[in-house]
Protein chains: 2
Amino acid sequence: MSDKNLPNQVSANTLRRLPYYLSYLKTLKNTDVSYISAPVIASELDLNEVQVRKDLAAISSVAGKPKKGFEIDVLINDIQAYIGCDVNNCGILVGAGHLGRALLAYSGFEAYGLNIIAAFDSNPAAVGKDIAGKSVYHTDALLDFCKKTPVTIGIITVPAEDAQEICDLLIKANVKAIWNFAPVKLCTPDGVIIQNENIAASLTIINKKLAEQF
Amino acid sequence: MSDKNLPNQVSANTLRRLPYYLSYLKTLKNTDVSYISAPVIASELDLNEVQVRKDLAAISSVAGKPKKGFEIDVLINDIQAYIGCDVNNCGILVGAGHLGRALLAYSGFEAYGLNIIAAFDSNPAAVGKDIAGKSVYHTDALLDFCKKTPVTIGIITVPAEDAQEICDLLIKANVKAIWNFAPVKLCTPDGVIIQNENIAASLTIINKKLAEQF
DNA sequence: TAGATTGTTAATCGATTAACAATC
DNA sequence: TAGATTGTTAATCGATTAACAATC
């Protein structure tokens, strides 16, 4: 049904705003309003109204109605569909340290189409454990595991110095995308999707703003 | 010693690159090279060399030497100082769910100057527990706690629908910055620093790229 | 109709990249 | 010196914002 023949270039910034639209729209679900306008969303979320209109135009299945705006229920569905809530990607996580265990236990990813089915670690102390119902296997077993159960997304939560090695392993295991939590530039062949997550960077930004204030 | 009299506007994008520079430079620590040039860093991290030079110029305490580049040890120290590794901010976390517990247990924040000293939750089942050596108190005790122990950074890991309420509470408790993991626009008075973290957004980007590939 | 809202075309802004003179 | 690298000034690029005609 998706007749998007051209990639429909939506910027990463727009994608980042979508979860905020979604969560705001959901707060309206149980109210009596059924339509919402771009200017209202913009003022609620402190955004420019043209920006909101462009964002919505990019992901909405129907045009907004002059004087009314967008039907809330339709918009919620459209955003969820666009975000990929209805896909179901299998993921595995490598590195069952603190952060890794945290992500394993975090249930919020399923709402975004990611199902983490197993974890791997090279530390014997971690291997064999069960975290949030997911087994931790030895890293040596990763390739075999992925042969039996194709995995789309590999999540790297190992220390920086091990990240490249794990990355190579995941590529050998044929994952299509890598979600990298180590602050390291990974070398990968073309075609493999890399998404770097950098929690520390946000902290850096906070520190900087705090320092500026005084 | 820091004679930065003007704010020295460094963009958030630059700040986001600093952890990658740092981690790369650290890999050179135990080698025999003592100087590194912007072009080399750029090619290693797949960045533009002018961009690297500008980034380094913004944070370095000394100018680079033509033909040699930057002294690695000095650069490491400068980045760490700039990032705020040497500050020590007290933080508390509200919402000891999966994500909250993960962040509590994650030890990596101390390297960025953040020391999470306690957690709060309104769920009786969570209250009284000990996570990674940190106590979980009832949210009702938050204000009193912050009166005794001034807290700089409040971390919000409660569900989206409770985030604003907790935000208000943290502001009453006089925190200077809020690190918000809920995908919600928070309303705050001027002067309070807000940093939104949006883990789901990265997942959205991965989903989109995966979808484009086929 | 009048006015709010839409989608779009043009202007602005900021970040990235290219070009270049200065330095060791 | 010649050449690699520096820092800086100018050009490019993309995202945000402003202006405006079209619609109900």
Side-chain angles (χ1 to χ4, degrees), chain A residues 4 6-18 20-21 24-25 28 33-72 74-75 78-79 185 196 198 201 204-205 208, chain B residues 4 6-18 20-21 24-25 28 33-72 74-75 78-79 185 196 198 201 204-205 208:
Chain A
K4 301 204 173 64
L6 79 163
N8 196 3
Q9 284 307 27
V10 168
S11 75
N13 285 355
T14 295
L15 290 177
R16 283 186 191 286
R17 285 188 290 267
L18 294 181
Y20 292 94
Y21 295 143
Y24 170 63
L25 292 171
L28 303 175
V33 291
S34 57
Y35 275 81
I36 186 82
S37 75
V40 171
I41 296 178
S43 89
E44 286 291 332
L45 301 183
D46 255 0
L47 298 171
N48 179 284
E49 74 173 67
V50 181
Q51 185 167 67
V52 174
R53 230 177 278 136
K54 286 197 171 175
D55 286 348
L56 297 186
I59 59 92
S60 179
S61 58
V62 292
K65 291 198 178 65
K67 208 149 179 209
K68 293 181 89 178
F70 295 80
E71 202 179 342
I72 292 173
V74 173
L75 211 44
D78 284 344
I79 294 177
K185 161 72 179 39
N196 293 307
N198 190 353
T204 300
I205 294 171
K208 228 48 226 167
Chain B
K4 301 204 172 62
L6 78 163
N8 195 5
Q9 284 307 27
V10 168
S11 74
N13 285 355
T14 295
L15 291 177
R16 282 185 193 287
R17 286 187 289 267
L18 294 182
Y20 292 94
Y21 295 142
Y24 170 64
L25 292 171
L28 304 175
V33 292
S34 56
Y35 275 81
I36 186 82
S37 73
V40 172
I41 297 178
S43 87
E44 285 292 332
L45 301 183
D46 256 1
L47 298 170
N48 180 283
E49 75 174 66
V50 181
Q51 186 167 67
V52 174
R53 229 177 278 137
K54 285 197 171 172
D55 286 348
L56 297 186
I59 60 92
S60 178
S61 59
V62 293
K65 291 196 179 67
K67 212 154 173 204
K68 293 182 88 177
F70 295 80
E71 201 178 343
I72 292 173
V74 174
L75 211 44
D78 285 344
I79 294 178
K185 161 75 180 37
N196 293 306
N198 188 353
T204 300
I205 294 171
K208 228 48 225 166

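In what follows, every heavy atom counts, from backbone to side chain, and hydrogens, waters and symmetry copies are set aside. Letters A, B, ... mirror the listed sequences (proteins, then strands); counts begin at 1.
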Among all residues two or more places apart in sequence or in another chain, which pass the side chain to side chain contact (heavy atoms under 4.5 Å, CB included) test with [X]?
{"X": "A/Asn196", "result": "A/Asn180, A/Ile194, B/Tyr20"}
{"X": "B/Ser61", "result": "B/Val74, B/Asp78"}
{"X": "B/Tyr35", "result": "B/Lys65, B/Lys68, B/Glu71"}

Got [X] and [Y] here, is their nearest side-chain heavy-atom distance under 4.5 Å?
{"X": "B/Arg16", "Y": "A/Ile205", "result": "yes"}
{"X": "A/Asp46", "Y": "B/Lys185", "result": "yes"}
{"X": "B/Leu25", "Y": "B/Ile79", "result": "yes"}

| said: Expected output check: what is the dot-bracket annotation of DNA chain D, where ( ) and [ ] are pairs inside the strand (brackets for crossing ones), | is paired with another strand, and pairs are Watson-Crick or G-U under 3.5 Å? | reply: ..||||||||||||||||||||||
| request: Can you measure from CG (B/Leu75) to CD1 (B/Ile36) and round to the nearest 0.5 angstrom? | output: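 Going from the CG atom of B/Leu75 to the CD1 atom of B/Ile36 covers 9.0 Å.
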| remark: With sugar-phosphate taken as primed atoms, P, OP1 and OP2 and all else as base, the protein-contact string of nucleotides 5-12 of chain D at under 4.0 Å (heavy atoms; B, S, -) is BBBBBB--
| request: Under 4.0 Å between any heavy atoms, over every strand shown, what does B/Arg16 touch: base, sugar-phosphate, or nothing? Just pick one. | output: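 Result for B/Arg16 = nothing.
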Please report the distance, rounded to the nearest Å, between [atom1] in [X] and [atom2] in [N].
{"X": "B/Asn48", "N": "C/dA15", "atom1": "CG", "atom2": "C1'", "value": "11 Å"}
{"X": "B/Leu47", "N": "C/dT17", "atom1": "CG", "atom2": "C1'", "value": "12 Å"}
{"X": "A/Asp55", "N": "D/dT17", "atom1": "CG", "atom2": "C1'", "value": "13 Å"}

Show every donor-acceptor pair shorter than 3.5 Å between a side-chain atom in residues 50-60 of chain B and any protein atom, with sequence neighbours excluded, or say none if there are none.
| unit_1 | atom_1 | unit_2 | atom_2 | d |
| --- | --- | --- | --- | --- |
| B/Arg53 | NH2 | B/Glu49 | OE2 | 2.4 |
| B/Asp55 | OD1 | B/Thr14 | OG1 | 2.9 |
| B/Asp55 | OD1 | B/Arg17 | NH2 | 3.3 |
| B/Asp55 | OD2 | B/Arg17 | NE | 2.7 |
| B/Asp55 | OD2 | B/Arg17 | NH2 | 3.4 |
| B/Asp55 | OD2 | B/Tyr21 | OH | 2.6 |
| B/Ser60 | OG | B/Val62 | N | 3.2 |
| B/Ser60 | OG | B/Val62 | O | 2.6 |

